[in-house]
> 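First the structure, which I've put down as structure tokens, then a few questions once you've had a look.
Just so it is clear: chains get the letters A, B, ... in the order the sequence lines come, proteins before strands, and each one is counted from 1.
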Protein chains: 2
Amino acid sequence: MEVARAAGVSKTTASDALRRSGRVSEKTRQLVAETADRLGYTPNLSARSLRAATTGAIGLHLPEVLTRSEYYMSFVFGVIDQASRHDYDVTLLTSRGARARAAFHRLDGVVLGDPLVTDPVVHGLLASSVPVVTCERFTGDAEPAGTVRSDHAAMLSLLFDRLHDAGAARPALLASSTITDWGAILQRAYREWCERRGTAVRLRELPYGAPPEVTQDEIRALLSAEPGIDALVCAPDGSAAAALPVLREEGREVGRDVLLAACVDSGPLAHTDPPITAIDLRPREAGAACAELLFDLLAGRADEGAVRDLPIGLVERGSTAPRG
Amino acid sequence: MEVARAAGVSKTTASDALRRSGRVSEKTRQLVAETADRLGYTPNLSARSLRAATTGAIGLHLPEVLTRSEYYMSFVFGVIDQASRHDYDVTLLTSRGARARAAFHRLDGVVLGDPLVTDPVVHGLLASSVPVVTCERFTGDAEPAGTVRSDHAAMLSLLFDRLHDAGAARPALLASSTITDWGAILQRAYREWCERRGTAVRLRELPYGAPPEVTQDEIRALLSAEPGIDALVCAPDGSAAAALPVLREEGREVGRDVLLAACVDSGPLAHTDPPITAIDLRPREAGAACAELLFDLLAGRADEGAVRDLPIGLVERGSTAPRG
DNA sequence: ATGAAAGCGCTAACAT
DNA sequence: ATGTTAGCGCTTTCAT
């Protein structure tokens, strides 16, 4: 605190004054505060971190494939929101591995949005000493310190029930890759639903982060392989919007000839024609819940291996209107 | 390096070995590397930062209103991509952190995506001692160390020319707020275009981050105030998609009765019916360019006040097809 | 080619 | 209520 010592007090006094530790008199506190302000002083966080063995920052890692996803953007802001509430910074970790390893001592903890089994950084982080909270379970063998999850199976089952009630007898699933737990759960839930209902499984899987063209080709393939399909549920983010023109080009009127629903809601789905029914994954809340759990773990308010539940919702729109 | 000293060498040697400073013999380097690996050693970045007076991290600040925006998500990944190429971390700054934490010596520099004049954090950062690069000019009075900008005026003018060529005589602009430079430029460019063409100005401004309902109400108001409109250009991200159902509900066929275009391209716009013409702002490249400029400034490869240009594109789709 | 020592800015522990 | 000292883990002299 050599700068603020120019206020005529010792380093310690200045330090204590600025951190309001209640050690110094109100008068000196004022004086120091003013001086610091005048000199444009800002504390050196590196030094503080070094001393305190705590960094005031948490990491956030996302699957890099998903450059364009409203879901993750909302998730990010959820994490940030909660972090800043605890006066923490959020550092984004990339899949360029070398760095992540080195970042360990710069972070007090890490949040993993949808950990891919195929991502080496994910493994690295889980193997490290910092506490890790994952959104959705990690299907690999490492155990995160905390997990936030939702009941996707129940929600998907509910969605198919609704489609069935609306008159769909041969619903299909455009599935997402099983490299995420979410993708795997959806496939399983769909198969189980089909079994319960005694319906044939009509499923097609897309790789994670597939571009729209690939998605559309897959949908065309699905439709030509299974012409009897009367409802289509699309798992990958953005795939339902991409399905709309394909269905139309096949001469099927969405909401009448064929019902359509998405497993990931997003802004545009509310404004297509017709608007598309979707599962609302509450991404912002999910991000916030992950961060919250991480802070609880750091503070000892939660136990290693804690699992928390995040409720999700179903937004029914015109694309699944009951048949007149 | 007390841990690695267990390899029988001094702190200095260990440090030099791990950083390959070329000081130590290959044999000792090997030995130290192995020991460090065995002990699971990771360098303490706080200590390193303290010593080096450099942090290995840059900050990124975005307008918080935009929770759901593909543009910003891509921008973020552009920044991250470039940062990790330079072996830097990226820390996200919120508007919530009342104190501009960047100045807290945790960051070597900051990138501001679309600085809002109304954002106090933006002012704080620009007033701080760290170099700041903004994407788009800052309309306040502070001067960033670097700026990446695009010729939005020319592109918008080109877009209106195309609409005109396609038969639109009374084009309107659903404008974005002027709290960003981008929003202001678009409004100005439109007015100038109208003047050049001798056309009346048909403009309506939306607040930044307006929800879809507000957007749609505004569009309805615009249409009822100016029934003669035969082309609509929507500036705010997502507003063109929201416009589509409104136009349809008014009985106008998009691409025939009325042309429609967006000032911000995004995935869904390619898959609406008809697909919507849009300006491609190249967000990922923009983010990368900002980060690159920042690193150039830090390394002295660019001068204070540098301005760089980022080319943008126009993606013409069915919504602006020339009238038969 | 390697060691020893100093010090980056901060704060906890021990004085006064 | 305030000052002094020590040391967090690292790297940069300066010495060997």
> Please tell me if the side chains of A:Leu126 and A:Pro144 come closer than 4.5 Å, counting only heavy atoms from C-beta onward.
yes

> Using OP1 and OP2 only, check whether a side-chain N or O of A:Ser15 sits under 4.0 Å from C:dT11.
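For A:Ser15, the contact criterion (side-chain N or O under 4.0 Å from OP1 or OP2 of C:dT11) is met.
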
> Taking donor-acceptor contacts at under 3.5 Å, does the side chain of B:Arg23 reach the base of C:dT2?
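Such a pair is found, so the answer is yes.
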
> How many whole angstroms separate atom CG of B:Leu31 from atom P of C:dA1?
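So the CG-P distance, B:Leu31 to C:dA1, works out to 16 Å.
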
> Between A:Asn44 and B:Glu26, just flag the one whose closest nucleotide in DNA chain C comes earlier from the 5' side.
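Nearest nucleotide further toward 5': that of B:Glu26.
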
> What does A:Thr28 touch in the nucleic acid at a heavy-atom separation under 4.0 angstrom: a base, only the sugar-phosphate, or nothing?
sugar-phosphate

> B:Leu50 has an atom CG; how far is it from atom P of D:dC10, in whole Å?
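Computing the B:Leu50:CG to D:dC10:P distance gives 12 Å.
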
> Are A:Arg51 and C:dA12 close enough that a side-chain N or O sits under 4.0 Å from OP1 or OP2?
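Looking at the OP1 and OP2 atoms of C:dA12, neither is under 4.0 Å from any side-chain N or O of A:Arg51.
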
> Do any side-chain nitrogens or oxygens of B:Ser25 fall under 4.0 Å of OP1 or OP2 in C:dT2?
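True: B:Ser25 side-chain N/O within range (under 4.0 Å) of C:dT2 OP1/OP2.
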
> Parallel, tilted or perpendicular, judged at 30° and 60°: which one describes the rings of B:Tyr71 and B:Phe75?
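Aromatic pair B:Tyr71/B:Phe75 classed parallel.
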
> Using the side-chain contact (heavy atoms from CB on, under 4.5 Å) rule, pick out the option among B:Thr147, B:Val121, B:Leu93, B:Val132 that qualifies with B:Leu112.
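Of the listed options, the one satisfying the test is B:Val132.
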
> Looking at A:Arg48, I'd like to know whether one of its side-chain N or O atoms comes within less than 4.0 Å of OP1 or OP2 on C:dT11.
yes

> How close or far is atom P of D:dT2 from atom NZ of A:Lys11, stated in whole angstroms?
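Answer to the nearest Å: 18 Å.
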
> CG of A:Leu18 versus P of C:dC10: gap in Å, rounded?
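One finds 9 Å between P of C:dC10 and CG of A:Leu18, rounded.
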
> Rounded to the nearest angstrom, tell me the gap between atom CZ in A:Arg106 and atom P in D:dG9.
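To the nearest whole Å, that distance equals 17 Å.
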
> Any side-chain N or O of B:Ser46 less than 4.0 Å from the OP1 or OP2 oxygen of D:dC10?
no

> Rounding to an integer number of Å, can you tell me how far A:Gln30 CD sits from D:dA1 C1'?
16 Å

> If you pin B:Asp16 and B:Ala47 to their nearest nucleotides in DNA chain C, which one's is more 5'?
B:Asp16

> For C:dG3, does either OP1 or OP2 sit under 4.0 Å from a side-chain N or O belonging to B:Thr13?
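So the side chain of B:Thr13 is within the cut-off, an N or O lying under 4.0 Å from OP1 or OP2 of C:dG3.
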
> Pairing donors with acceptors under 3.5 angstrom, does anything connect the side chains of A:Asp237 and A:Ser69?
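On atom types as modelled, these side chains qualify, holding a pair under 3.5 Å.
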
> Look up atom CE in B:Met73 and atom CD in A:Glu70, then write down how far apart they are to the nearest 0.5 Å.
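Reported to 0.5 Å precision, the distance equals 11.0 Å.
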
